[in-house]
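Naming convention: chains lettered A, B, ... in sequence-line order (proteins, then strands); numbering from 1 in each chain. Heavy-atom basis, side chains included; hydrogens, waters and symmetry copies ignored.
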2 protein chains.
Amino acid sequence: MNANKYILKIKEAGLKVTPQRVAILKVLTELNNHPCAEEIAEVLKKDFPGLSLATIYNTLETLAQKQIITKVQSADGKLRFDARLDMHHHLHEMNTGKIEDYYDEDLNSILQEYFSNKSIPGFIVQDIKLQIKGEYINQKLK
Amino acid sequence: MNANKYILKIKEAGLKVTPQRVAILKVLTELNNHPCAEEIAEVLKKDFPGLSLATIYNTLETLAQKQIITKVQSADGKLRFDARLDMHHHLHEMNTGKIEDYYDEDLNSILQEYFSNKSIPGFIVQDIKLQIKGEYINQKLK
DNA sequence: TCTTAAATGAGAATTATTATTAAATAGAAA
DNA sequence: TTTCTATTTAATAATAATTCTCATTTAAGA
């Protein structure tokens, strides 16, 4: 039932359930590292030789279109993806370029409160995410 | 004196002041549109034929390194830049992919207040920016 | 001026992404 | 089940974005 979590999501979106799609969604979810296509290929090539990069790009685009995953905004000029759809934020580590998740319920409440009162003229807000730029003390390699 | 604003910034960073650097910084500042290298080239090619794309990439990278400009986090897989360093946020228009500035002093106060109390363990915050995803009502082409 | 380290331009090289198309296959229907 | 067909995949060509290389030019200090 746990392994079927991915199958279910794909099926519910009206997409055909293929081993490639399931594997890509699984890896993206478990890596939880905002990987680009290349990084997903790297992980999958052991269990999945013959998986084409083009398929990875296609699949990620398709899953994003169906809102099963999202595109991550990054400063490195690569397409990056995220399987987490719940409200969370991103720590951008300046030295390494890594993007880590930052969960903060208090912050979420404050933001929701603020934007429920103050709206942006003509603009319908769908999602709010903080990019928090900074660096770890002591080169901590988290 | 106004035109020298750019010269001054470049000089203060310890960089050589070249016409190319001044022009690129000027265009980036005046466009205020989070352009990529290609878009800057497009604008400059009239007044500046012979300006190499490589020079634009180099210059943008150099200026970013010296913190005269910043790299913009985008979802389109391109390197984008911003000459505005003051605290502001970005509206990401879902249909067009455009990134617009969003200034909000009240919001800034709330964020500064919040993060001055609650720190992120081991992490030194340098900048906070909201990515506000959404869309304009009525296809408004701002 | 002269000198020199740094910057530029031109284009090659590399990397990232998209497009094309023949072969394979998921899933609906028989 | 087996058949059928629209979708999906793999392979690779094509394109787009970025970086690299290196000969030439130039900013700026002596």
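- With respect to B:D104 and A:K118, a salt bridge is recorded, a charged nitrogen being found less than 4.0 Å from a carboxylate O.
- Atom CD1 in B:I56 sits roughly 11 Å away from atom P in C:dT8 (whole-Å rounding).
- The side chain of A:T18 places no N or O atom within less than 4.0 Å of a non-bridging phosphate oxygen (OP1 or OP2) of D:dT8.
- The existence of a salt bridge linking A:E38 and A:K78 is excluded, since no basic side-chain nitrogen approaches an acidic carboxylate oxygen closer than 4.0 Å.
- Taking side-chain N and O atoms only, B:Q20 has a distance below 4.0 Å to OP1 or OP2 of C:dG9.
- Side-chain proximity of A:Y57 to C:dT8, C:dA16, D:dA28: nearest is C:dA16.
- Under 4.0 Å is where a charged nitrogen must lie from a carboxylate oxygen, and between B:R80 and B:E39 at least one such pair does.
- Distances shorter than 4.0 Å separate none of the side-chain N or O atoms of A:T59 from OP1 or OP2 on D:dT8.
- Within the 4.0 Å cut-off from OP1 or OP2 of C:dA10, not a single side-chain nitrogen or oxygen of B:S52 is found.
- Between B:K78 and D:dA17, a side-chain N or O to OP1/OP2 separation shorter than 4.0 Å is present.
- By the 4.0 Å N-to-carboxylate-O rule, B:E12 lies too far from B:K66 to be salt-bridged with it.
- Nearest to the side-chain atoms of A:L53 among the listed nucleotides C:dT17, C:dT8, D:dT9 stands C:dT17.
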